[in-house]
Amino acid sequence: MGPEEKAATVFNDTFIRPKQFYLSGLSSISHVKYFYVFLCFVYILTVIGNGLLLSVIYLVKTLHTPKYMIVFNLALTDLCGSTALIPKLLDTFLFDRRYIVYEACLSYMFFVLFFGSVQSWTLVTMSYDRFIAICFPLRYHSIVTKPAIAAMLLFAWFFLLSVIAFMVGLIDRLSFCRSLVVESFFCDHAPVYHLACNDTSLNYIIANAAFIVIVCVPLVLIALTYVCISIALSRIASGEKRVKALKTCTSHLILVAIFFLPIVSTNIAALTSYIHPNARIINSSLTHTLPALLNPIIYSLQTEKMLNSMKKLCKRNRISTTNRKDKLLITVMMTN
């Protein structure tokens with residue numbers, strides 16, 4: 001019995017809802033399990049890096065600023081996105097549990113796409129922070145406030161929640177009377193709705209609209225902010241000040257490139273030429289996992305303020321541990 005026959009449930013003569021989908025993943029590649037083991041190590045390092053970053057920002061009160069609210073949000077979405085994707089991916093392919101229940105597949109799709117979209121708009125918020133800091137430095141603290149940043153981030157979360165929930169919810173109206181083999185490493189939106197045998201035009205329209213909202217609009221907004229930043233920097237007479245301002249933008253631009261370039265290149269390649277499913281899957285899997293690993297290293301853990309905060313936190317913990325040991329020793333001596 002093949003994956004399609006094993007997974008389908010017929011509701012009536014015209015509508016078929018599957019019990020399960022079958023995730024095919026990478027096919028015809030020898031030693032493919034090493035790639036999944038690599039993703040396992042990526043996940044471990046992602047949890048350590050982002051967990052450390054979240055802990056430092058939470059514990060060090062000098063980091064309770066609007067800028068680090070954005071960094072905290074990025075680290076949180078990186079951690080949640082990787083946790084939504086990689087453990088299930090490893091369970092599916094390392095332990096050969098490729099069948100996934102229909103409802104679980106839609107949940108899987110929702111959480112992976114949702115946290116990825118929040119990452120995209122968090123990068124926009126970061127570019128806004130840099131834009132105000134360089135173009136309006138004297139008004140920075142009056143414009144970029146905690147309530148303003150909190151409102152921006154909360155709006156992004158709730159708006160994207162609605163967009164992704166609507167997009168995933170439309171899958172439920174489809175009938176799957178043909179193949180139930182999803183040619184991806186997770187329940188990705190396009191590979192799933194392309195399996196339907198009834199009209200998928202609405203799904204196609206919403207998928208394109210979501211792509212514009214999640215990828216195109218953020219890229220345009222980030223580009224506009226950097227055009228304004230470039231104009232502002234060209235007016236700075238001092239070369240030293242210009243270099244210092246550029247350094248504050250470099251790490252953010254690297255994050256933007258790491259996140260957006262693979263997505264844009266894959267979509268352009270898919271539209272203009274044939275792209276092998278394995279190449280698409282490898283590119284997509286790295287796009288979903290590597291930015292979450294690299295973000296804390298590139299943007300935060302290398303900055304002087306963050307490193308100094310980590311050193312102070314470690315020093316404070318050592319002093320606290322020493323004091324506890326001294327108190328315990330005194331108590332033991334007094335009892336004796």
Side-chain angles (χ1 to χ4, degrees), residues 49-50 52-78 117-160 213-214 217-260 291 294-313:
N50 286 286
L52 178 62
L53 185 56
L54 290 170
S55 301
V56 172
I57 294 174
Y58 177 76
L59 294 171
V60 179
K61 291 189 176 180
T62 56
L63 297 179
H64 294 181
T65 61
K67 175 184 175 181
Y68 282 97
M69 283 176 64
I70 305 171
V71 175
F72 187 93
N73 187 77
L74 182 64
L76 180 63
T77 53
D78 284 342
S117 62
V118 175
Q119 288 174 32
S120 174
W121 277 91
T122 304
L123 293 174
V124 176
T125 313
M126 282 183 170
S127 69
Y128 169 76
D129 173 75
R130 292 298 85 209
F131 164 70
I132 299 298
I134 294 172
C135 297
F136 305 98
L138 299 178
R139 297 177 58 194
Y140 176 79
H141 293 291
S142 62
I143 297 175
V144 183
T145 61
K146 287 183 182 180
I149 294 300
M152 291 176 69
L153 294 175
L154 285 173
F155 174 78
W157 277 72
F158 285 108
F159 174 69
L160 294 168
V213 169
I214 296 167
V217 173
L219 269 177
V220 170
L221 292 176
I222 292 170
L224 287 174
T225 58
Y226 275 100
V227 168
C228 296
I229 288 171
S230 300
I231 294 170
L233 289 176
S234 66
R235 294 172 180 171
I236 297 175
S238 172
E240 185 179 343
K241 288 183 180 178
R242 192 180 297 133
V243 171
K244 187 177 180 181
L246 277 172
K247 282 183 178 179
T248 65
C249 300
T250 303
S251 55
H252 176 254
L253 285 171
I254 294 171
L255 295 190
V256 170
I258 290 171
F259 184 85
F260 286 106
L294 298 174
N295 286 350
I297 300 169
I298 294 170
Y299 195 81
S300 303
L301 297 182
Q302 66 167 350
T303 60
E304 186 178 351
K305 188 173 182 179
M306 180 62 70
L307 292 174
N308 289 337
S309 298
M310 291 172 65
K311 289 175 184 177
K312 287 179 182 178
L313 193 61

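Everything quoted here is computed from the prediction, not taken from an experiment.
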I'd like to know whether Met126 forms a side chain to side chain contact (heavy atoms under 4.5 Å, CB included) with Ile222, so could you lay out the CA-CA distance, the side-chain angles of the two residues, the decisive distance to 0.1 Å, and finally the verdict.
CA-CA 9 Å; Met126 282 183 170; Ile222 292 170; over 6 Å; no
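- Closest heavy-atom contact between Pro296 and Leu53: CB-CD2, 3.9 Å.
- What you find for Pro137 and Cys135 is that their closest heavy atoms are CD-C, 3.4 Å.
- For His141, the NE2 atom counts as loosely surrounded, since its 6.0 Å shell holds 12 or fewer non-hydrogen atoms of other residues, nucleotides or ligands.
- Listed here is the closest heavy atom pair of Ser251 and Ile298: CB-O, 3.6 Å.
- Between the OG atom in Ser120 and the CG atom in Leu219 there is a gap of 7.0 Å [rounded to 0.5 Å].
- Under the 4.5 Å side-chain criterion, counting only non-hydrogen atoms from C-beta, Ser127 is not in contact with Val256.
- Here Phe259 contributes atom CZ and Asp78 contributes atom CG; the two are 9.0 Å apart, rounded to the nearest 0.5 Å.
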Side chain to side chain contact (heavy atoms under 4.5 Å, CB included), that's the test. Do Ile149 and Asn73 meet it? Break it down for me.
CA-CA 11 Å; Ile149 294 300; Asn73 187 77; over 6 Å; no
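- Considering every non-hydrogen atom in both His252 and Leu123, the closest pair reads NE2-O, 2.8 Å.
- Under the 30°/60° scheme for interplanar angles, the aromatic rings of Tyr128 and Phe131 are found to be tilted.
- Looking at Val60 and Tyr68, their side chains never come closer than 4.5 Å, going by heavy atoms from C-beta outward.
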Verdict with supporting geometry, Ile132 and Arg139, side chain to side chain contact (heavy atoms under 4.5 Å, CB included)
CA-CA 8 Å; Ile132 299 298; Arg139 297 177 58 194; 6.0 Å; no
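- Taking all atoms of both residues into account, the shortest heavy-atom contact from Ala148 to Ile143 is CB-O, 3.8 Å.
- How far CZ of Phe136 is from OG of Ser142: 10.5 Å, rounded to the nearest 0.5 Å.
- Rounded to the nearest 0.5 angstrom, Asn50 CG and Phe72 CZ are separated by 10.5 Å.
- Taking CZ from Phe155 and CG from Leu160, the interatomic distance works out to 8.5 Å, rounded to the nearest 0.5 Å.
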Just do the side chain to side chain contact (heavy atoms under 4.5 Å, CB included) check on Val118 and Leu153 with the steps written out, would you?
CA-CA 9 Å; Val118 175; Leu153 294 175; over 6 Å; no
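- Heavy-atom minimum distance, Tyr58 versus His64: O-NE2, 3.1 Å.
- To the nearest 0.5 Å, the span separating CD on Gln119 from CG on Leu255 amounts to 10.5 Å.
- With contacts defined as side-chain heavy-atom distances shorter than 4.5 Å, the pair Trp121/Leu221 qualifies.
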